[in-house]
Amino acid sequence: MKKDDHLFLVDGSGYIFRAYHALPPLTRKTDGLPVGAVSGFCNMVWKLLSEARDTSVGVTPTHLAVIFDHSSQTFRKDLYPEYKANRSAPPEDLVPQFGLIREATRAFNLPCIEMEGFEADDLIATYARQAEEAGAHTTIISSDKDLMQLVTDHVAMYDTMKDRRIEAAEVIEKWGVPPEKMIDLQSLTGDSTDNIPGVPGIGPKTAAQLLETFGDLDTLLQRAGEIKQNKRRENIIEFADQARLSRELVTLRTDAPVTDTPGDFLLEEQDGPRLIAFLKAMGFNTLTRRVAEATETDAAQIEPAEVAVEWGAAAHGPDLDAGDASDPSSATGIAGASDGWTPGDFAAARTKAAADVKIDHSGYACIRDAETLAAFIATARETGVVAFDTETTSLDAMQADLVGFSLAYQPQDAHSGASGPVKACYVPLSHKSGQDDLLGGGLAEGQIPIDAALSHLKDLLEDPSVLKIAQNLKYDWLIMKRYGIEVRGYDDTMLISYALDAGRGGQGMDALSDRWFGHKPIAYKEVAGSGKSAVTFDYVDIDKATAYAAEDADVTLRLWQVLKPRLAAEGVASVYERLERPMVPVLARMESRGIRVDRQILSRLSGDFAQGAAALEEEIQELAGEKFNIGSPKQLGEILFGKLGLPGGSKTKTGQWSTSAQVLEDLAAEGHELPRKIVDWRQLTKLKSTYTDALPDFINPETKRVHTSYALAATTTGRLSSSDPNLQNIPVRTAEGRKIRTAFVCEPGCKLVSADYSQIELRVLAHVADIDALKQAFADGMDIHAMTASEMFGVPVKDMPAEVRRRAKAINFGIIYGISAFGLANQLGIERSEASDYIKTYFQRFPGIKDYMDNTKAYAREHGYVETIFGRKAHYPDIATSNPHMRAFNERAAINAPIQGSAADIIRRAMVRMDAALEDAGLTARMLLQVHDELIFEVPEPEVDKTIGIVTDVMESASMPAVSMKVPLKVDARAADNWDEAH
DNA sequence: TAGAAAACGTA
DNA sequence: GTACGTTTTCTAG
């Protein structure tokens with residue numbers, strides 16, 4: 001470097017934290033990736049590079065480097081193991097940004113510097129010193145006081161947020177001492193955020209005054225006896241060694257063994273296309289435009305870069321390698337990791353520690369006044385992590401009223417008992433007094449007015465920098481949304497557990513508590529009663545409610561401590577971050593929108609079905625010769641196979657005659673009249689009771705729409721399930737059943753749009769098993785079942801008999817289900833031996849499928865689980881059982897899971913992106929329902945065509961960029977006035 | 001009154 | 001042959 005050179009050293013790590021807290025949260029439109037700090041960083045760097053002259057930084061750099069912390073394992077930890085031990089860890093939505101900011105640095109064509117064992121500050125000190133020795137000037141882009149000791153007449157600092165240059169005068173103004181005395185000052189004051197001890201009772205003002213009087217730290221410590229104030233004198237004498245240790249910790253190393261020199265950091269021309277590709281990938285439109293202008297690049301011609309995102313894994317960023325700080329729970333007091341631990345070690349330690357802290361209800365508090373609530377929330381906020389749970393009057397989130405809520409920021413330990421600090425609490429809001437039931441129950445005494453309590457709660461729940469933890473958050477999210485609160489910054493223990501342990505048992509709180517702590521929480525029944533004597537939660541005694549509700553928050557927090565570290569350790573962090581957690585608001589919105597159902601249509605159908613069933617009932621009893629309960633399989637079996645002596649097919653496992661549709665169809669085919677009528681009767685009564693009678697009761701009195709509830713963690717494979725009512729099994733196969741779909745309608749001026757994946761599971765199969773013939777067929781848009789038939793039976797596709805195609809279709813489905821000769825024979829009504837021959841032929845024709853199935857079985861047996869193409873695991877703990885029947889069942893399930901599960905993952909990805917994609921396109925279409933491979937939208941009529949385009953695009957590209965499918969995904973979409981016609 | 005079994009709707 | 005949820009009947013307590 002030369003005399004006139006000017007080196008800029010950007011404190012990258014410092015900037016990340018500052019930008020995160022100072023700037024409004026920002027997420028990438030396409031997938032919700034948090035990018036606020038990245039955006040701030042890019043804007044700041046661009047400003048430094050292009051507009052330096054116009055700002056108070058005052059100079060233009062000739063050399064520039066961005067410096068980062070490598071990890072917390074530095075030489076300072078050797079000096080003082082507690083160094084930074086209490087540091088609050090980065091918030092969840094900052095974690096992925098560490099890697100992105102390094103990417104940004106490279107995209108700007110700037111050196112990205114870090115070194116193991118040293119903090120960014122030491123590297124900055126080293127380079128600044130080297131530059132100074134060469135006679136050049138340095139500007140450190142930071143406002144961190146730890147760097148102020150470096151300020152000289154050749155080294156200044158620059159605060160980008162305040163646009164302010166920091167030189168010796170500014171240091172003196174702020175701290176009362178010149179830069180060269182900053183080390184001594186910090187040695188006395190210490191630093192609570194880095195856990196540097198200093199001398200108790202000495203703050204910056206006192207320290208500056210003492211240094212003014214005594215000159216420097218050594219002199220002060222020697223002559224401490226001269227200090228007049230008793231306490232101050234005693235402290236300085238007693239803690240002199242601590243001050244010297246602190247000095248070692250705060251003194252920056254200027255001799256870090258760096259391999260570059262400042263001269264290597266010569267600023268080069270921007271690589272416009274590369275930078276723009278990155279900015280586009282981040283979705284920074286304004287900056288993209290500016291950079292395009294400045295570099296004379298046509299941004300429209302540039303594809304967004306593929307940027308790898310470390311959503312939760314501990315690959316980058318300060319402290320993330322250490323494990324104990326990789327999530328904010330390090331602040332919760334459970335013993336953390338020591339040096340060199342792997343994430344797995346850490347997770348195991350957490351599990352062990354969790355079982356040791358016993359759950360004790362006596363420490364829970366019931367908070368009944370606003371001041372205490374505010375104080376509790378303030379404490380929780382400092383901790384940065386808080387478990388949250390609502391208590392309401394109903395399991396239906398769309399109808400439930402809030403009764404109270406509970407919070408926990410640490411496990412409530414047993415030792416402190418009732419007199420110790422409160423870490424978990426319940427806040428009753430609308431419990432009834434119970435005395436005046438006749439008057440509808442007055443509000444019980446001693447509850448915070450709900451508006452006041454919710455305003456405190458809102459501050460907490462909507463602050464993304466405080467991590468909220470809930471068990472099944474979607475429910476609480478919907479409740480809070482109805483009270484005008486939108487939860488931001490959250491984890492869901494149910495979903496974490498699901499990502500980790502799908503197939504290993506339930507993910508409900510009671511099951512998890514039992515599994516991890518051997519503890520059974522107070523049962524809901526115990527506080528609210530059951531059956532006829534059950535009451536809604538607002539009639540539960542507040543003391544009982546406190547124990548029950550606070551325990552739920554306490555247990556939820558403990559579960560999070562145990563489960564969260566496992567995500568990274570077991571490689572499913574991205575499954576949780578991308579496929580589970582973002583689904584919470586997506587599904588919550590779908591559920592709260594609901595779908596319009598025409599009560600009149602259902603009512604008319606109910607009448608029709610009732611008439612038809614009554615007529616059949618009469619005929620059936622006529623044929624049977626007596627009145628009996630047709631709905632009773634037991635009585636029916638006795639009539640058919642006992643009294644009438646029809647040839648009884650099979651029996652169920654309890655020894656009863658089977659009267660399944662299959663059996664009755666077979667009898668009907670033999671010419672018997674009665675079974676046919678029973679099948680028809682069953683169809684009508686089924687449609688009536690399950691659909692036309694039941695659905696109207698689900699119409700919400702307020703919204704006049706039907707709001708299903710989606711379960712995110714109910715299946716082993718990753719599919720959703722729907723209940724209350726189940727809208728994923730609305731009839732479609734028969735003409736009678738389809739009539740029910742005509743009752744699913746849209747608002748006037750709108751259309752229902754249904755978009756479904758064509759053959760998605762067979763496409764996934766072609767991809768995972770890598771079958772050339774299948775891939776080719778899909779690429780060519782061929783009829784896949786006809787193609788299969790043609791390959792297997794040598795029949796040309798043209799003018800193929802329907803029966804031949806039907807058999808091939810059954811085989812294709814069979815493959816997906818883990819085919820057995822027994823099952824295929826059943827399905828096709830052929831002999832087992834014939835089915836077996838079909839399978840043999842199929843495997844000869846498509847040997848890759850056989851390989852895939854064998855490999856999947858072997859993998860499942862070795863690992864106990866299988867994976868989807870996005871890394872979701874489905875566990876099969878019984879895969880190696882000695883019971884041949886059970887083992888075969890598990891093997892078929894294990895073969896099916898990657899196929900069904902990958903398809904489920906794909907539509908999840910589409911759903912996560914859908915709302916933003918529609919909004920970006922200026923559309924107001926609303927996604928209402930998901931039926932495994934189908935999405936249903938309500939769309940204003942003028943927007944229909946454009947919506948179909950966007951929806952199709954998002955769905956067909958849903959696997960990208962994570963997985964590039966070897967087979968195209970195809971989506972069919974159409975619009976109509978009801979679901980029957982749209983489908 | 002709670003839970004299992006049988007049946008049947010969907011992808 | 002895979003994955004679910006709901007209804008009705010029937011049994012055990």
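Here is the naming used below: chain letters follow the sequence lines, and residue numbers restart at 1 for every chain. Note that the coordinates shown come from a computational prediction; the quantities given were computed from them, not determined experimentally.
Within residues 684-693 of chain A, the residues that place at least one heavy atom under 4.0 Å from DNA chain C are, in residue-number order, A/Lys686, A/Ser689, A/Thr690. DNA chain B is contacted by A/Asn729, A/Ile730, A/Pro731, A/Val732, A/Arg733 of residues 729-744 of chain A, taking any non-hydrogen atom closer than 4.0 Å. For the contact set between residues 653-670 of chain A and DNA chain B, defined by any heavy atom under 4.0 Å, the members are A/Lys653, A/Thr654, A/Ser658, A/Thr659, A/Ser660, A/Ala661. For residues 895-904 of chain A, proximity to DNA chain C is found at A/Asn896, A/Gln900, defined as any non-hydrogen atom under 4.0 angstrom from a strand atom.
Using a cut-off of 4.0 Å between Lys/Arg side-chain N and Asp/Glu carboxylate O, A/Asp905 and A/Arg909 are scored as not salt-bridged. One finds no salt bridge joining A/Lys739 and A/Asp608 here, because no Lys/Arg side-chain nitrogen approaches an Asp/Glu carboxylate oxygen to under 4.0 Å. Salt-bridge annotation for A/Arg763 and A/Glu956: absent, with no side-chain N of the basic residue lying under 4.0 Å from a carboxylate O of the acidic one. We find that A/Glu938 and A/Arg596 are not joined by a salt bridge, their nearest charged nitrogen and carboxylate oxygen being 4.0 Å or further apart. Looking at A/Glu580 and A/Arg908, a side-chain N of the basic residue comes within less than 4.0 Å of a carboxylate O on the acidic one, giving a salt bridge.
Using a 4.0 Å heavy-atom cutoff across all strands shown, A/Ala694 reaches sugar-phosphate atoms only and no base atom.
Judged as a side chain to side chain donor-acceptor pair (under 3.5 Å), and not counting sequence neighbours, A/Asn826 has no contacts. In this structure A/Ser722 satisfies the side-chain contact (heavy atoms from CB on, under 4.5 Å) test together with A/Thr708, A/Tyr710, A/Asn726, A/Leu727, A/Gln728, sequence neighbours excluded. A/Tyr865 meets the ring-ring contact (aromatic ring centres under 6.0 Å, His included) test with A/Tyr859, A/His863, A/His875; sequence neighbours excluded. For A/Asp851, the side-chain contact (heavy atoms from CB on, under 4.5 Å) partners at least two apart in sequence or on another chain are A/Asn855.
Close approach of DNA chain C to chain A, defined as any atom under 4.0 Å from a non-hydrogen atom of the protein, starts and stops at C/dG1 to C/dT11. Counting 5' to 3', DNA chain B first comes under 4.0 angstrom of a heavy atom of chain A and last does so at the ends given by B/dT1 to B/dA11.
Here the closest heavy-atom approach between residue A/Arg593 and residue A/Met927 is recorded as NH1-O, 2.7 Å.
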Please report, to 0.1 Å, the donor-acceptor pairs under 3.5 Å made by any side chain of residues 520-531 of chain A, with sequence neighbours excluded.
{"unit_1": "A/Lys520", "atom_1": "NZ", "unit_2": "A/Asp514", "atom_2": "OD1", "d": "3.4"}
{"unit_1": "A/Lys520", "atom_1": "NZ", "unit_2": "A/Asp514", "atom_2": "OD2", "d": "3.4"}

Considering only distance and modelled atom types, tabulate donor-acceptor pairs under 3.5 Å from the side chains of residues 614-621 of chain A, sequence neighbours left out.
{"unit_1": "A/Glu619", "atom_1": "OE1", "unit_2": "A/Lys677", "atom_2": "NZ", "d": "2.7"}
{"unit_1": "A/Gln621", "atom_1": "NE2", "unit_2": "A/Phe628", "atom_2": "O", "d": "3.2"}

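Inspection of the A/Asp693 and A/Ser606 side chains reveals an N or O donor paired with an N or O acceptor under 3.5 Å. Judged by distance alone, the side chains of A/Tyr498 and A/Thr715 do bring a donor and an acceptor atom under 3.5 Å apart. A donor-acceptor pair shorter than 3.5 Å can be found between the side chains of A/Thr717 and A/Gln900.
Remark: side-chain polar atoms of A/Glu934 are not paired, donor with acceptor, to backbone N or O of A/His932 under 3.5 angstrom.
The aromatic rings of A/Phe793 and A/Tyr838 sit perpendicular, their planes meeting at an angle over 60°, well past the 30° parallel limit.
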